[in-house]
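What you are looking at is a predicted structure, and each value in this text was computed from that prediction instead of being measured.
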Amino acid sequence: MGTKLIIDTDPGVDDALAIALAALSPDVDLLGVTSVFGNVPLDRTTANARRLLELFGRTDVPVAAGASRPLVYSKPRDAKEVHGGDGLSGHSYTLPEATRPLEERDAVRLMVDILDAADEPVTIAPIGPLTNIAALFAAHPGAAAKIARLVIMGGGVTFGNSTTAAEFNIWSDPESARRVLVEEDVPVVLVPLDLTHRCAVDAEWLAKLAASGPVGATLEGLTSTYRQHYTRVFGEDRMVMHDAVAVAEAISPGILHTETYRVDVDCGLGPARGQTLVDRRKLGEDDPQFSPGRPIEVAMDTDLDGLRGFVLDRLTGAAR
C-alpha cells in the first residue's frame, strides 16, 4: 500500500488539505488520525477530522481524540481568527456527518496499538501541537522503535507567526515540542514556516481544486476565512497550505530538500517562548559556542511548482 501513516492533527483549514492529501493518495496506507487541541478546541478538531474522512470516503480510518490542553501551561489563545470559529471558515456544516464512531481509545492508545500491529515502521505526521506525541514517548518509550520518522509541521528558522519569534504549533506547547524535537532519539523532518510560506497557492490553483468535482469544491469552500487572512498577510490573493507541505514529504520522501541543523526550543516564559532555535552555524563539538540542541533534518527548499502540482494532482484525482 505504500507509506504507512498516522496523522496527528488539529483541523484547521490547512489540516483539511493535509488529511485530504493522505486520504486520497493511492500510495498511502492511512492507518489512523488522532486529534489534538490547537487551531480550535479539541471537540471541534475531533469532529472536523471525522467529518473530513467521511467526505473522502475513508470510514475505514479510525479517529481518536487526544490532548485538550498543553502539558504544563495553559495556552493563551487559539487560531479562530485565522481558521474561523469552527476551524473551517464557518463551513464545517457543508461536511457530511461522520458515520464511523469516535474510538473509545484515546490518541496515545490508538497510536500504540497501530505501531504494535505494524509489520514495518510507521511514519507519523504531527501537524498540530506536539502534546500527543510527547505523551506517547513519555508513556510508551518503546514505541519509538516502530516509528520510521516524524514529519512535523512546525517552527520557524527566521520568523514566527503567533509571536515575532514563535510558530503556532510549537508555541502552543513548547515543553512537548522540546521533548519531541530535542530529547527523543527519533528521526525527524521539521517543516518550518520559512518553506511553507514559499509554497503558498494562488487563486488559479484554488479554482482548479474547486472545479475538480464535489470533494474539491467542498475543500475549496472551507478556505474563505483562512484565505482572507493570508491575503492580508501577503497583500495579494495567496494562501498557505502549511500542513499539506509536511504531509507531502511524509508520503513522498525527498520532495522537500532538507539540511541537518541542531535545533532547540525556548521553553522560557519571556517573549521568545516557543521559538525554535535553529543553529545554522558550522561548529564542531569542541567549539565553546557549540549548540546543545539535537541535530535533525529541517526542510529548507523544494521545487515550488512541482510541490504545488503534486498536492493538486492528489486532491483532484489526477494521480489516480
Side-chain angles (χ1 to χ4, degrees), residues 1-9 11-33 47-63 83 87-89 91-100 122-125 127 151 153 191 196 199-224 226-227 230 237-256 302-320:
M1 283 290 294
T3 303
K4 294 184 180 297
L5 181 65
I6 299 169
I7 294 180
D8 186 65
T9 180
V13 174
D14 55 328
D15 305 75
L17 296 176
I19 295 168
L21 179 58
L24 300 174
S25 288
D27 53 353
V28 175
D29 187 3
L30 184 57
L31 300 174
V33 171
N48 289 347
R50 295 174 64 213
R51 294 179 72 170
L52 285 162
L53 288 168
E54 189 77 28
L55 173 68
F56 307 140
R58 295 303 306 270
T59 56
D60 59 305
V61 179
V63 177
H83 295 267
L88 298 174
S89 299
H91 293 288
S92 60
Y93 68 89
T94 64
L95 299 175
E97 290 290 342
T99 57
R100 178 173 179 136
V122 175
T123 298
I124 301 179
I127 53 178
V151 184
M153 192 281 125
V191 183
T196 61
C199 298
V201 296
D202 59 15
E204 180 181 1
W205 190 98
L206 288 163
K208 289 178 180 177
L209 175 62
S212 66
V215 170
T218 302
L219 278 172
E220 192 276 336
L222 303 176
T223 67
S224 57
Y226 189 75
R227 187 172 176 179
Y230 278 104
D237 190 4
R238 287 194 294 149
M239 187 192 86
V240 177
M241 51 177 183
H242 301 289
D243 295 338
V245 178
V247 170
E249 170 63 27
I251 66 179
S252 182
I255 197 170
L256 306 183
T302 189
D303 174 351
L304 298 176
D305 288 337
L307 185 280
R308 296 185 191 105
F310 175 87
V311 175
L312 187 63
D313 284 350
R314 298 300 178 101
L315 298 186
T316 61
R320 295 194 289 277

Donor-acceptor side-chain pairing of S25 and R314 below 3.5 angstrom = yes
Less than 4.5 Å apart, any side-chain heavy atom of [X] and any of [Y]?
X	Y	answer
V311	L17	no
L304	C199	yes
T223	M241	no
D202	D237	no
F56	V61	no
V13	S89	yes

Does any N or O in the side chain of [X] come within less than 3.5 Å of the main-chain N or O of [Y], such that one atom is a donor and the other an acceptor?
X	Y	answer
E54	T99	yes
T302	I255	yes
R51	P96	yes
N48	P11	yes
E249	G254	yes
R100	R50	no
T316	L312	yes
Y226	V240	yes
R58	A23	yes

note = salt bridge (charged side-chain N to carboxylate O under 4.0 Å, His left out) pairs touching residues 14-26, sequence neighbours excluded, are none
request  = Would you please test V151 and L256 for side-chain contact (heavy atoms from CB on, under 4.5 Å) and show each step?
outcome  = CA-CA 11 Å; V151 184; L256 306 183; 5.9 Å; no
request  = May I ask you to say whether E204 pairs ionically with R308, meaning some side-chain N is under 4.0 Å from a carboxylate O?
outcome  = no
Which value, rounded to the nearest 0.5 Å, describes the distance between [X] atom [atom1] and [Y] atom [atom2]?
X	Y	atom1	atom2	answer
E220	H91	CD	NE2	9.5 Å
T59	L53	OG1	CG	9.0 Å
I124	I7	CD1	CD1	11.0 Å

query = Given the side-chain rings of Y230 and H242, with only the six-membered ring counted for Trp, is the space between their centroids under 6.0 Å?
reply = yes
remark   = Given the options T218, L222, I19, L55 meets side chain to side chain contact (heavy atoms under 4.5 Å, CB included) only with T218
